[in-house]
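Atoms within a ligand are numbered from 1 in the order they appear, just like the ligands themselves. Index from 1, following the sequence.
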Amino acid sequence: MSAAATGTRVVRGACPHDCPDTCALLVSVEDGVVTGVTGDPDHPFTAGALCPKVHDYERRVNSPDRILHPMRRVGPKGDGRFERITWDDALDEIAGRFEQIAAEHGPEAILPYSYLGSLGAVNGLAVGDPFFHRLGATVSERTFCASGASTGYLMTVGPTIGIDPESFVHSRFVLIWACNVVSTNIHMWKFIAEAQRRGAKVVVIDPVRSRTAKRADVHVAIRPGTDGALALGMAHVIVRDGLVDEDYVARHTVGFDDLRERLAEYPPERVAEITGVPAAQIEGLAREYATAQPAAIRLGVAIERHASGGQAVRAITSLPALTGAWRHVGGGILQATPYAFPLNVPGLHRPDWIRPGTRVLSQWKLGAALTGELELDPPIKALFVYNANPAVVVPDQAKTLAGLAREDLFTVVGEQFVTDTARYADIVLPNTTQAEQLDLMFSWGQTYITLNLPAVEPRGEAVSNREMFARLARRMGFEDEQFSMSDEQLLREVAFDWSHPHLEDITFDSLRETGWAKLRIPPPDAHAPHADGNFPTPSGKVELRSSIAEQAGDFVIPMFREGLDERQPGTPVDPLPAWSPPAEAPDERFPLSLLSPKAHGFLNSTYGNADRQLRLMRARQQVILHPDDAAARGITDGQTVRVVSAQGELAAQAQVSEDVAPGVVVCPMGYWRDSSPDGATVNAVTPNRFADLGHAPTFSDARVEVVAGA
Ligand code: SF4
């Protein structure tokens, strides 16, 4: 299908966003212009509907605010004033500055920064890695999301997709744990709703009465950061009351005796004190979960964002093994599905090009790195940002902005819009939207591979991320074949292991015809991957006592960080699931617990500049607090207030609601800086400590006070 064709036509696409649903799109094009985007009605997961973030994606493609040409800064950093330059000028300037910095300070003075602004195989997470590895730049550690949850999950059951989300219709008991499915995984809801219609009980565990909690049969309003204790309390009851599937545990787990000893520390009465969930409710929940087979758990990523978030994932992931839930179709746990896709990460990211000993730097310590707090040698002298908006999404926002404002920092940003980060760039490069590029999408929340065809020619001089780095590599004289391969060549020859059984009979060419294909795994009504064990762990069993934790300690999986940093060996990890208190204890100064979940209207910070999505989010940075907490502080709905923590503060609009429990406040993430009167967003007040596993962030292990008045 040619992107240059004229007349009205429909082109198959795939949503590019960091979202578990990975919707199949139908893009309408008239005379070379995208006129509408809908979901593919034939796609079993998308089923014709798109979420409120994306259903008018044509506005994003056609927006008058798009960056269409390379630009150079003409005003002070942060002002966002630029002049148009040619691609040649931009490439010359970037290559020249990089060469100069590498000569004066060494190439590690150059830091790449990217995340999942696009999830595509060739334009996604780390498309710049081959270029930066060839250059010898500092290696970026990208543990923003799912790193801790994934590490805990892998330690327990290995890289398994677990329950196919479509198999949830067969579940009799659905436990949605720390996941606002209706806002962040909306297409999964119909499978859960179908189970509910067939008689399944749906329970949501979440400190917030989210849109999902309102549709559940039961909402368990747990205290933030105590999920691990609740899971261990449930396991205590299951063991104490003889509800363990002894045969399954004997044949398919290791470490049960050790775990049983550990569980003695978590009687319901103690767990009630920790979690705020009444002991009787803990007992009832455990018994119902253990007896209503098949029982399914949908585990959200947010759970990792506390001091012991990784161990909480280990505790929850142990539950289906204790009860034998894995025996059944629709039983077990769903954390994430990327393990089903034979993506060739080393071929795409080229970790073999990393020079031995190259340092590794956590991206979410960016503020500390740029302001000198980390005392890096060499210091960071150049920053290249793509697929990301760190001015908004990184903790320690004030420090990040101070670092970005450094006059001696040479910053390049590849973007579609002038984001809060791009405003600080010396050079801005124009990037294509999904409708203007080719890519192939894996998914972390379902089991379809989806091709995205370019629907229209790129607007202006925009290029894909892959082409942007290919141009820069050629300008710097890198002659490796990878930099001369087209998107299609990379997809055909590098991006996937096309011989993998999950892709049997699926080819790049077949996807050009069908757009998407279900991976070759058993169908949802027969998918019980661990009915007979066969877990992809070192022992082949569920590791209630983790051999990986014992032997290797903490680690970061290669998707999030490549290369080895000899100065950061894996720290020791308790091989048994455990709970420890949040790092930030309540005190008189900061008595409220802060959560900063993903927003209903934004996709991380994408769409924070889009009028319709902003209106959906009330246009201004919100802080939601309980009526009792509001009354105690003389705060009324709609008032401008200050949210203050040990890290910083922001001005926000108060929203008074019983949807949050007393003692908890919620600041949705993703707003851009002009949504707040003081130019600060929620990451002005979040901490930047690592959680216990996978160098995960602790965004939700934060204590604040809310003060009336701007
Ligand atoms: S953001 Fe998620 S739910 Fe929305 S269209 Fe994209 S994949 Fe679908």
Parallel, tilted or perpendicular: which one describes the rings of H43 and Y448, with boundaries at 30° and 60°?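 Aromatic pair H43/Y448 classed tilted.
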
Counting non-hydrogen protein atoms only, what is the nearest one to [atom]? Give residue, atom name and distance.
| atom | value |
| --- | --- |
| atom 8 (Fe) of ligand 1 | C23 SG, 2.4 Å |
| atom 4 (Fe) of ligand 1 | C51 SG, 2.3 Å |
| atom 6 (Fe) of ligand 1 | C15 SG, 2.3 Å |
| atom 5 (S) of ligand 1 | V54 CB, 3.7 Å |

Checking contacts here: is it the side chain or the backbone of H55 that comes within 4.0 Å of ligand 1, counting heavy atoms only? Could be both or neither.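 None of H55 does.
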
Which segment of T46 sits under 4.0 Å of ligand 1 when only heavy atoms are counted: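 Contact part for T46 vs ligand 1: neither.
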
Mind checking whether atom 6 (Fe) of ligand 1 has an N, O or S of H17 under 2.8 Å?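 Given the 2.8 Å cut-off, H17 does not count as a ligand of atom 6 (Fe) of ligand 1.
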
Strictly under 6.0 Å, is that where the ring centroids of [X] and [Y] end up?
| X | Y | result |
| --- | --- | --- |
| Y113 | F384 | no |
| H17 | Y607 | yes |
| F341 | F496 | no |

Over 12 foreign heavy atoms within 6.0 Å of CZ, R59: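 Open: at most 12 neighbouring heavy atoms sit under 6.0 Å from CZ of R59.
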
Identify the heavy atoms of T432 and P458 that sit nearest to each other, and give their distance.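 Closest pair (atom of T432, atom of P458, distance): CG2-CB, 3.6 Å.
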
Can R12 and D40 be counted as an ion pair, charged N to O under 4.0 angstrom?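 Salt bridge between R12 and D40, a charged N being under 4.0 Å from a carboxylate O: yes.
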
Show which atoms of ligand 1 fall inside a sub-4.0 Å distance from at least one heavy-atom site of H187.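 Per the distance check, 3 (S), 8 (Fe).
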
Please find out if atom 8 (Fe) of ligand 1 and some N, O or S atom of C19 are separated by less than 2.8 Å.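 No, since none of the N, O or S atoms of C19 sits under 2.8 Å from atom 8 (Fe) of ligand 1.
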
